[in-house]
Amino acid sequence: MFNFEKLDVWHKAIDFADTVYSVTKTFPSDERFGLTNQMRRAAVSISSNIAEGTSRSSRTDYARFVELATGSLFEVVSQSVISKRQGFLSEADHLRLYSAAEEQSRMLSGLRRSLLEQ
């Protein structure tokens with residue numbers, strides 16, 4: 001087992017990516033290379049940055065990857081608002097994503113804080 005696989009924040013990031021994939025399945029086909037792709041790539045980037053950060057030799061470097069993961073999370077939030085406004089995302093799915101993003105954000109913030117405190 002890899003170190004990152006022991007982290008709840010990584011598991012939540014995987015769950016978040018699953019949710020993004022699920023809700024974007026209903027997006028119009030002409031958005032396949034637009035919002036669908038952008039949201040999926042950003043969602044996948046969250047867990048990827050957490051994983052990559054665990055391989056770094058310093059806690060500061062690791063914290064930087066957690067920052068990148070947070071940035072990707074915020075991208076998905078912004079893109080979900082656009083998707084909702086364009087009628088691609090239902091209010092219920094938007095709220096589901098938003099709520100999961102809030103939880104993920106708190107977890108990432110806690111991880112980053114713990115890395116920088118020592």
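Predicted model, so just to flag it, every value in this text is computed and none were measured.
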Between atom [atom1] of [X] and atom [atom2] of [Y], what is the distance when rounded to the nearest 0.5 Å?
| X | Y | atom1 | atom2 | value |
| --- | --- | --- | --- | --- |
| Leu115 | Thr60 | CG | OG1 | 8.5 Å |
| Asp61 | Ser55 | CG | OG | 9.0 Å |
| Thr26 | Glu31 | OG1 | CD | 11.5 Å |
| His11 | Glu5 | NE2 | CD | 6.5 Å |
| Phe65 | Leu111 | CZ | CG | 13.5 Å |
| Lys12 | Leu7 | NZ | CG | 14.0 Å |

Could you state whether [X] and [Y] fall into the same hydrophobic cluster, counting links through intermediate Ile, Leu, Val, Met, Phe, Trp or Tyr residues with side-chain heavy atoms under 4.5 angstrom apart?
| X | Y | result |
| --- | --- | --- |
| Val20 | Leu95 | no |
| Val44 | Ile14 | no |
| Tyr21 | Leu35 | no |

Can you classify the ring geometry of Phe4 versus Phe2 as parallel (below 30°), tilted (30 to 60°) or perpendicular (above 60°)? parallel
Indicate yes or no: at least one non-hydrogen side-chain atom of [X] is less than 4.5 angstrom from one of [Y].
| X | Y | result |
| --- | --- | --- |
| Ser105 | Leu73 | yes |
| Trp10 | Thr54 | no |
| Arg59 | Leu116 | no |
| Arg112 | Leu108 | no |
| Leu89 | Leu97 | yes |

Flag, side chain of [X] to backbone of [Y], donor-acceptor distance under 3.5 Å:
| X | Y | value |
| --- | --- | --- |
| Ser109 | Arg106 | no |
| Ser83 | Gln79 | yes |
| Ser80 | His94 | no |
| Thr19 | Asp15 | yes |

Shortest non-hydrogen contact from [X] toward [Y]:
| X | Y | value |
| --- | --- | --- |
| Ala101 | Phe16 | N-CE1, 3.8 Å |
| Arg56 | Tyr62 | CB-N, 4.0 Å |
| Val76 | Ala43 | CG2-N, 3.7 Å |
| Ser72 | Ala42 | CB-O, 3.4 Å |

Within a 6.0 Å radius of atom CG on Asp30, are there more than 12 heavy atoms belonging to other residues, nucleotides or ligands? yes
Counting only heavy atoms not in Arg32, do more than 12 sit closer than 6.0 Å to its CZ atom? no
Electrostatic pair Glu67:Arg64 at N-O distance under 4.0 angstrom: yes
Is Asp93 salt-bridged to Arg96, cutoff N-O under 4.0 Å? yes
Can you confirm whether the side chains of Thr24 and Arg40 place a donor and an acceptor under 3.5 Å from each other? yes
